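These figures come from a predicted structure and were not determined experimentally.
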Amino acid sequence: MLRINDIIDKAQTYLAPEDLEMIEKAYIYSASVHQGQVRLSGEPYLTHPMEVAGILTDMKMDAATIISGLLHDTIEDTLTTAEQLEREFGKDVAFLVSGLTKLSRISFASQEERQSENFRKMILAMSSDIRLLLVRLADRIHNMRTLQYHPKEKRIYIARETIDIYAPLANRLGINSMRMELEDLSFQYIAPDAYNELSAKIAKSTEARNRYTEEVKNIIASQLEKHSLKGKVEGRAKHLYSIYKKMHEQHINFDEVYDLIAFRIILDSEQEKTCYEALSMVHALWKPVPGRFKDYIAMPKANHYQSLHTTVIGPYGERVEIQIRTKAMHEWAEKGIAAHWRYKEGRAQKDDEENQIKKLREVLEMQQEVKNPQEFMSDLKLALFPEDVYVFTPHGDVKSFPKGATPIDFAYSIHTDVGNQCIGAKVNRSIVPLRYKLQNGDRVEIITQTGHHPSKDWLKNVVTPRAISKIRNYINLEEKKNSLTTGRDLLEKEFKRHHLKFSHYVKSDEIKKVLAAFSVNQVDELIAQVGTGRISPRRIVKHFLTGEEAEADETVKEKLKRRKPTSPSMGVSILGVDDADDIMVNFARCCNPIPGVEISGYVSRGRGVIVHSSRCPYIKRMDAERIVNVQWSAGEDHTYPVHIKVVCEDVKGVLTEVSSVISSFDINISYAQVGTISLVATCNFVIDISNLQQLSQIMSAIKQLKFVKSVEWLHHF
């Protein structure tokens with residue numbers, strides 16, 4: 001177990017004596033309030049805050065951050081209050097610990113919603129003080145080191161969350177050592193078999209690899225001395241997850257991974273030109289591998305990482321990856337934003353912090369507009385961290401984008417209006433489609449037109465959180481306007497049918513009761529729900545009818561029920577929606593579902609509920625808040641048009657033969673057509689089917705015909 005003296009010994013190398021006293025005081029306080037508490041491992045709970053504080057001390061964080069590491073669970077897990085912490089340790093510590101308190105006391109509908117809200121809070125807090133995120137990362141590292149004490153399902157869940165969110169966050173802040181440890185610890189639980197197999201293979205070759213590493217280091221060191229370049233050479237094996245990822249992405253075996261060892265040349269000089277001198281030396285020594293050179297000094301990564309990367313054919317024909325950087329660049333590569341933290345008189349001097357976490361701040365903007373937890377988590381993962389592509393503006397400025405970004409992403413990075421009014425783009429002076437994927441070195445120019453607006457299809461061609469949120473925001477506003485217009489028209493017609501004036505009643509006191517009855521806060525919200533089909537206008541009118549009028553309306557309703565409906569439900573029941581009988585049902589032409597196929601409903605504007613197959617790719621891209629549960633109605637007799645294609649030999653009477661088989665099932669054929677090419681006949685039929693079982697029987701019968709090659713149900717997927 002880490003001792004407080006270990007933390008004090010490390011901290012005294014860079015902190016003042018009074019800071020060390022406060023750290024010791026925080027240790028005593030934490031030990032006192034956590035007394036009697038134990039972890040799942042059976043160890044005293046105090047071991048956890050101690051380890052978190054130790055990680056922060058290794059990062060050379062300030063006293064307030066280390067103290068917050070010692071106290072980070074006190075508000076959540078003990079009777080301690082923020083006011084007590086402020087009295088004992090000051091405002092800074094109280095703010096940090098309050099910001100770190102989890103949302104465990106709040107009830108959420110789902111685990112995904114809980115996860116989403118935790119990350120919303122974390123990223124919002126980060127905008128006030130990046131130290132909150134650094135403590136949270138240290139907390140996660142120690143929890144991952146002791147993850148084996150959790151049940152299997154929880155281990156996998158926490159590991160997946162770590163590799164999806166926390167490791168990319170560490171990468172975003174440039175803290176390479178944290179990222180690698182989090183990835184390897186997660187890998188161990190997500191794919192234990194692959195982890196153990198890879199560990200065993202690497203262990204077998206350790207001795208030979210160590211000899212090779214020393215040989216290469218000695219060669220490079222002697223060459224540095226020969227060229228009067230002062231610095232040191234490091235060589236280490238790549239971490240397990242990066243090797244596994246490479247094998248998985250490139251579909252190669254372990255024996256085909258050539259660059260298992262990465263070498264670093266860390267130069268004493270702070271001048272960038274010495275890095276290029278060392279690069280020339282390496283390339284003169286060994287032949288470089290084409291396409292494997294990256295200049296992150298001239299064009300730094302988005303997390304401000306700088307280095308030269310090259311791969312060469314080294315001794316014995318082995319590929320060797322070499323990174324070349326200055327001491328300052330190396331410090332940033334290992335510690336990231338923590339390396340730029342300087343403290344004077346208790347205040348943090350955040351050297352160009354705005355640039356370092358600019359993309360994380362985009363997530364703040366995004367989260368203001370995204371309500372759906374699935375969408376938020378998806379967009380958060382997108383922001384953290386695809387490979388970057390660097391392009392130039394017409395003025396020669398460099399902009400970085402995630403891999404797969406398009407001119408639309410570029411347009412929104414300039415200004416929202418430029419994005420909204422974008423009608424085209426020029427890349428390297430040539431017109432390109434808006435779906436064009438930007439490449440390194442492209443020079444991009446946006447063409448705009450006043451009055452032009454974004455399209456919903458744009459969401460398929462953008463990858464940056466800013467572009468996604470701006471397009472979604474515009475579309476949601478437009479859809480809200482449309483639903484207000486539709487809803488108002490429907491209500492006015494329904495009120496008029498009862499000889500009432502909607503504009504009069506909407507201003508009356510009675511409308512407040514109606515709002516409460518439908519659990520909405522504003523009249524516009526009520527009208528919009530009518531426009532989307534979620535509330536029927538007749539239900540609203542009923543609140544304003546007198547007793548006699550309501551009774552007469554019910555009588556009419558009973559008579560209508562005895563009649564055959566003029567707008568049938570098409571054999572589909574809508575679940576969880578009041579007055580579902582009043583809602584029109586239509587079937588999506590993209591997938592044409594029939595009974596026996598699992599279905600979902602989408603509340604459209606003006607066409608009621610559109611029923612899709614649950615496997616239809618289109619419904620998966622639609623607004624999740626407007627998806628409703630639907631099911632086939634048992635006992636209802638309906639037929640559904642189905643398009644089948646029969647491919648067969650071009651023999652006389654083929655259409656008649658196939659039609660006869662279909663007719664033998666007493667099935668109506670509403671369309672039949674045959675075409676022939678190169679002695680092959682293709683027959684297209686639209687037939688009226690009751691369910692999936694009936695369709696399967698007909699298709700099996702058609703396949704029995706000697707001349708038939710294939711029968712296919714066309715879903716239009």
Participant: Using modelled atom types and a 3.5 Å cut-off, is there a donor and acceptor pairing between side-chain atoms of Thr74 and backbone atoms of Thr80?
Facilitator: no
Participant: Contact between Ile75 and Ser98 at the side-chain level, heavy atoms closer than 4.5 Å - yes or no?
Facilitator: yes
Participant: To the nearest 0.5 Å, how far apart are CE in Met59 and CD1 in Ile66?
Facilitator: 10.5 Å
Participant: Do you see a donor-acceptor pair shorter than 3.5 Å between the side chains of Arg325 and Tyr305?
Facilitator: yes
Participant: When you compare the side chains of Glu183 and His239, does any donor N or O come within less than 3.5 Å of an acceptor on the partner?
Facilitator: yes
Participant: Are Ser269 and Gln271 close enough that a side-chain donor and a side-chain acceptor fall under 3.5 Å?
Facilitator: no
Participant: With Lys25 as the cation and Phe89 as the aromatic partner, state whether NZ or CZ is under 6.0 Å from the six-membered ring centre and within 45° of the axis.
Facilitator: yes
Participant: Quick check against the 3.5 Å criterion: does Asn143 have a side-chain atom that pairs as donor or acceptor with the backbone of Asp139?
Facilitator: yes
Participant: For the rings on His309 and Tyr296, is their centre-to-centre separation under 6.0 Å?
Facilitator: yes
Participant: Cut-off 3.5 Å, side chains only: do His34 and Asp73 have a donor facing an acceptor?
Facilitator: no
Participant: Does any N or O in the side chain of Ser307 come within less than 3.5 Å of the main-chain N or O of Ile324, such that one atom is a donor and the other an acceptor?
Facilitator: yes
Participant: Does a salt bridge link Glu225 with Lys230, judged by any charged N lying under 4.0 Å from a carboxylate O?
Facilitator: no
Participant: Nearest 0.5 angstrom please: Thr274 OG1 to Leu224 CG, how far?
Facilitator: 10.5 Å
Participant: For Lys232, is there an ion pair with Glu234 - N to carboxylate O distance below 4.0 angstrom?
Facilitator: yes
Participant: Please tell me whether Ser186 and Arg160 have a donor and an acceptor in their side chains that are separated by less than 3.5 angstrom.
Facilitator: no
Participant: Answer yes or no: is there a side-chain heavy-atom contact under 4.5 Å between Lys60 and Lys10?
Facilitator: no
Participant: Where the side chain of Thr57 meets the backbone of Ala53, is there a donor-acceptor pair that is under 3.5 Å apart?
Facilitator: yes
Participant: Looking only at atom types and distance, does a side-chain atom of Ser199 sit under 3.5 Å from a main-chain N or O of Tyr195, one as donor and one as acceptor?
Facilitator: yes
Participant: Could you tell me the separation between the OH atom of Tyr276 and the CG atom of Leu308, rounded to the nearest 0.5 Å?
Facilitator: 5.0 Å
Participant: Using 4.0 Å as the upper bound for N to carboxylate O, is an ion pair formed by Asp409 and Arg466?
Facilitator: no
Participant: Between Arg211 and Glu207, is there a side-chain N and carboxylate O pair less than 4.0 Å apart?
Facilitator: yes
